[in-house]
K.L.:
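First the structure, which I've put down as C-alpha cells, then a few questions once you've had a look.
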Amino acid sequence: MKTTTTLSAALFAVSTLATTSTAQAEEITLRAVSAFTLGTAFSREFESFVEWINENGKGVVQINLIGGPEAVPPFELGNAVQSGVVDIANNTTAYYPNLLPTGDALHLAENTIQEQRENGCYELVDRIHQEQMNAKYLGHGGDGIGYHLYLTKPVEGPDLSGLTIRTTPVYQAMFTQLGANLVRTAPGEVYSALERGAIDGYGWPSQGVLDLGWDEQTKYRVDPSFYNVDVNTLVNLDTWNSLTDEQRAKLEEGAAWMEELNNDNADRNATEYAAQAEAGIETITFSEADAEAWTNAARDAGWAAVAEVDADLAQQMRACMTK
C-alpha cells in the first residue's frame with residue numbers, strides 16, 4: 001500500500017497495526033482521522049459519533065480516533081481513506097474534489113440528510129463515493145449551517161472586485177463570478193494570511209471562526225449566508241466490505257444518531273453569531289436586491305460548476321437535493 005510521505009509519525013505507528021480480522025475476533029477496532037482539529041465545530045459531532053460507537057458497540061466495533069490535521073493534512077485525508085491508510089474519515093467534499101469532482105453538489109443541498117435518505121439521494125451520493133473514491137458514504141453532518149464571507153474591510157454589495165479572498169472549491173465558482181481574486185490555503189494558514197494582509201477575507205461557515213482564533217483578524221461578516229455545510233463520515237470501502245452485518249449495522253445506527261445532532265445547529269448558529277458580535281465582528285447586511293443577487297450567484301454558479309463536470313449527474317443530484 002502506497003502512503004503519502006507527509007503523514008505524521010503517529011499515523012505511521014498506528015497504521016502498521018493490522019486491523020483485527022473478523023474471523024479472529026468478534027470486536028474490530030477501526031482507525032479514524034478528522035480533517036478538522038479535534039474539539040472544534042466541525043469535528044465535535046464526529047467525536048460524539050466515535051464516543052457513541054465505543055459505548056454502544058462494545059464487543060462488536062470500536063473506533064480509535066488518531067487525531068486531526070496533525071495526523072493527516074486535510075487535503076490528503078481523502079486519499080488516506082481511499083487507500084485504507086485510515087479506515088474512517090471525518091471530511092468535507094471541499095477537501096477531496098480530485099477524487100469526487102461532483103462532490104460540490106453536496107453543499108448546494110436545500111434539504112436535510114434525512115430527507116435525502118427518504119428520496120433516494122443518499123443512495124446516489126453513496127454510489128458515487130463508492131465508485132469514484134473507494135469509500136462508503138456513511139453519515140452526514142452540517143445541515144442548517146450556512147457559509148458567510150468574512151472580511152477585514154467593508155463591502156457595499158455583492159461586487160468583490162479588487163478583493164483577495166481565501167477560497168476552497170466550495171465557493172470558488174461563486175467568488176470568481178463576483179470578481180474576487182482567489183487564494184487557496186489550508187485552514188491553518190488563514191490567520192497568518194489575514195495578519196500579513198495577504199488576503200482580505202475568507203469564506204467560512206457560521207460556526208468555527210472563534211475556535212480557530214480568526215476573529216482576532218476579522219472585522220466583518222456578510223449576511224445572508226449561502227450554501228450548506230457538508231461534513232461527511234467516510235469508510236474505506238474494502239474495510240466496509242470486510243465487516244460483518246452486525247458491525248455495519250452498528251456503524252449505521254451510530255451515523256443515524258449523529259445525523260440527529262443537526263437539529264441543534266439553529267441554536268448553535270445563534271450562539272455563534274452572538275459570540276462573533278461580542279468579539280467585535282460587525283455584520284454587513286445586504287439590501288433585499290443585493291441579497292437576492294448574492295444568493296442567486298451562489299446557486300447558479302455552484303450548479304453550473306457541477307454541471308460542467310458531469311451534466312447528467314448534476315441534473316440527478318439537483319433533482320433530489322433542491323426543493
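None of the values given here were measured: they were computed from a predicted structure.
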K.L.:
Do D143 and N228 have side chains that get closer than 4.5 Å, going by heavy atoms?
P.N.:
yes
K.L.:
Write down the atom of A94, the atom of V170, and the distance for their closest heavy-atom approach.
P.N.:
CB-CG2, 3.3 Å
K.L.:
Can you find a pair of side-chain heavy atoms, one from R221 and one from Q276, that are under 4.5 Å apart?
P.N.:
yes
K.L.:
Return yes if a side-chain donor-acceptor contact under 3.5 Å exists between Q82 and Y96, otherwise no.
P.N.:
no
K.L.:
Using a strict threshold of under 4.0 Å (side-chain N to carboxylate O), is an ion pair present between E26 and K58?
P.N.:
no
K.L.:
If you look at every heavy atom in W257 and F49, which pair is closest and at what distance?
P.N.:
CZ3-N, 4.0 Å
K.L.:
Are W204 and Y273 connected in a single hydrophobic cluster, I mean Ile/Leu/Val/Met/Phe/Trp/Tyr linked by side-chain heavy atoms less than 4.5 Å apart?
P.N.:
no
K.L.:
Quick check: are there more than 12 heavy atoms from other residues, nucleotides or ligands sitting under 6.0 Å from CD of E308?
P.N.:
no
K.L.:
Where the side chain of S287 meets the backbone of D290, is there a donor-acceptor pair that is under 3.5 Å apart?
P.N.:
yes
K.L.:
Show the numbers, then the answer: is there a side chain to side chain contact (heavy atoms under 4.5 Å, CB included) between S43 and T37?
P.N.:
CA-CA 7 Å; S43 186; T37 301; over 6 Å; no
K.L.:
Okay, side chain of E110, backbone of T322: is any donor-acceptor separation there less than 3.5 Å?
P.N.:
no
K.L.:
Are more than 12 heavy atoms, taken from residues, nucleotides or ligands other than E292, located less than 6.0 Å from that residue's CD atom?
P.N.:
no
K.L.:
With rounding to the nearest 0.5 angstrom, report the OG1 to CE distance, T167 to M174.
P.N.:
10.0 Å
K.L.:
Are a donor atom and an acceptor atom from the side chains of T218 and Y202 found within less than 3.5 Å of each other?
P.N.:
yes
K.L.:
Is a donor from one side chain sitting under 3.5 angstrom from an acceptor on the other, for H140 and N232?
P.N.:
yes
K.L.:
Does the side chain of N111 come under 3.5 Å of the side chain of Q116 through a donor N or O and an acceptor N or O?
P.N.:
yes
K.L.:
Do D230 and T93 pair up side chain to side chain, a donor and an acceptor below 3.5 Å, judged on atom types alone?
P.N.:
yes
K.L.:
Give a yes or no answer on whether the side chain of Q207 reaches the backbone of A41 with a donor-acceptor pair at less than 3.5 Å.
P.N.:
no
K.L.:
Taking the side chain from N90 and the backbone from V33, do they hold a donor-acceptor pair closer than 3.5 Å?
P.N.:
no
K.L.:
Of all the heavy-atom pairs spanning Y150 and S206, show the shortest one and how long it is.
P.N.:
OH-CA, 3.6 Å
K.L.:
Hey, does the side chain of Y227 reach the backbone of I145 with a donor-acceptor pair shorter than 3.5 angstrom?
P.N.:
no
K.L.:
Kindly compute the distance separating CD (Q172) from CG (D104), expressed to the nearest 0.5 Å.
P.N.:
8.5 Å
K.L.:
Do the side chain of R31 and the main chain of I63 share a donor and acceptor less than 3.5 angstrom apart?
P.N.:
no
K.L.:
Test your reading of the model: is there a side-chain donor-acceptor pair from E47 to the backbone of G39, 3.5 Å cut-off?
P.N.:
yes
K.L.:
Please report the closest heavy-atom contact between P101 and Q132, naming both atoms and the distance.
P.N.:
CD-OE1, 3.4 Å
K.L.:
Just do the side chain to side chain contact (heavy atoms under 4.5 Å, CB included) check on R184 and F75 with the steps written out, would you?
P.N.:
CA-CA 11 Å; R184 177 173 168 176; F75 291 105; 2.8 Å; yes
K.L.:
Nearest 0.5 Å, please: how far is CD1 in I53 from CD1 in I88?
P.N.:
7.5 Å
K.L.:
Could you tell me whether the side chains of N263 and E260 share a donor-acceptor contact shorter than 3.5 Å?
P.N.:
yes
K.L.:
Is it the case that Q130 and D126 place a side-chain donor and acceptor less than 3.5 Å from each other?
P.N.:
yes
K.L.:
Just how far is it from atom CG of N91 to atom OG of S34, taken to the nearest 0.5 Å?
P.N.:
8.0 Å
K.L.:
Check whether any side-chain heavy atom of E272 lies under 4.5 Å from a side-chain heavy atom of L210, and answer yes or no.
P.N.:
yes
K.L.:
Check whether any side-chain heavy atom of L124 sits under 4.5 Å from a side-chain heavy atom of Q316, and report yes or no.
P.N.:
yes
K.L.:
Got F175 and L163 here, is their nearest side-chain heavy-atom distance under 4.5 Å?
P.N.:
no
K.L.:
Taking the side chain from N262 and the backbone from G142, do they hold a donor-acceptor pair closer than 3.5 Å?
P.N.:
yes
K.L.:
List the atom of V86, the atom of N236, and the distance in Å for their closest heavy-atom pair.
P.N.:
O-CB, 4.0 Å
K.L.:
Taking the side chain as every heavy atom from C-beta outward, state whether L138 and L234 have any pair of such atoms under 4.5 Å apart.
P.N.:
no
K.L.:
Is the closest side-chain heavy-atom distance between N54 and W52 below 4.5 Å?
P.N.:
no
K.L.:
Quick one: does D310's side chain have a donor or acceptor within less than 3.5 Å of a partner on L313's backbone?
P.N.:
yes
K.L.:
Decide side chain to side chain contact (heavy atoms under 4.5 Å, CB included) for L30 and L251; before the verdict, give the C-alpha distance in whole Å, the side-chain angles of both, and the deciding distance to 0.1 Å.
P.N.:
CA-CA 11 Å; L30 304 177; L251 290 172; 4.0 Å; yes
K.L.:
If only atom types and distance count, is the side chain of W294 paired as donor or acceptor with the main-chain N or O of P224 below 3.5 Å?
P.N.:
yes
K.L.:
Between V183 and T164, which heavy-atom pair has the shortest distance, and what is it?
P.N.:
CG2-CG2, 3.5 Å
K.L.:
Distance alone, cut at 3.5 Å: any donor-acceptor contact between the side chains of D87 and T239?
P.N.:
yes
K.L.:
Can you check whether K153 reaches K219 side chain to side chain, under 4.5 Å on heavy atoms?
P.N.:
no
K.L.:
How about D211 and T40: does a side-chain donor come under 3.5 Å of a side-chain acceptor?
P.N.:
no
K.L.:
Would you say the side chains of E115 and N119 form a donor-acceptor pair under 3.5 Å?
P.N.:
no
K.L.:
What verdict does the side chain to side chain contact (heavy atoms under 4.5 Å, CB included) test give for V81 and V235, after you've listed the backbone C-alpha separation in whole Å, the side-chain angles of each residue and the deciding distance to 0.1 Å?
P.N.:
CA-CA 7 Å; V81 73; V235 185; 5.9 Å; no
K.L.:
Can you measure from OH (Y171) to CZ (F226) and round to the nearest 0.5 angstrom?
P.N.:
7.0 Å
K.L.:
Run the salt-bridge test on E246 and K250 with the 4.0 Å N-O cut-off and return the result as yes or no.
P.N.:
no
K.L.:
Working to the nearest 0.5 angstrom, can you tell me the gap between E123 CD and C320 SG?
P.N.:
9.5 Å
K.L.:
Assess the side chains of H148 and D223: does a donor N or O sit below 3.5 Å from an acceptor N or O?
P.N.:
yes
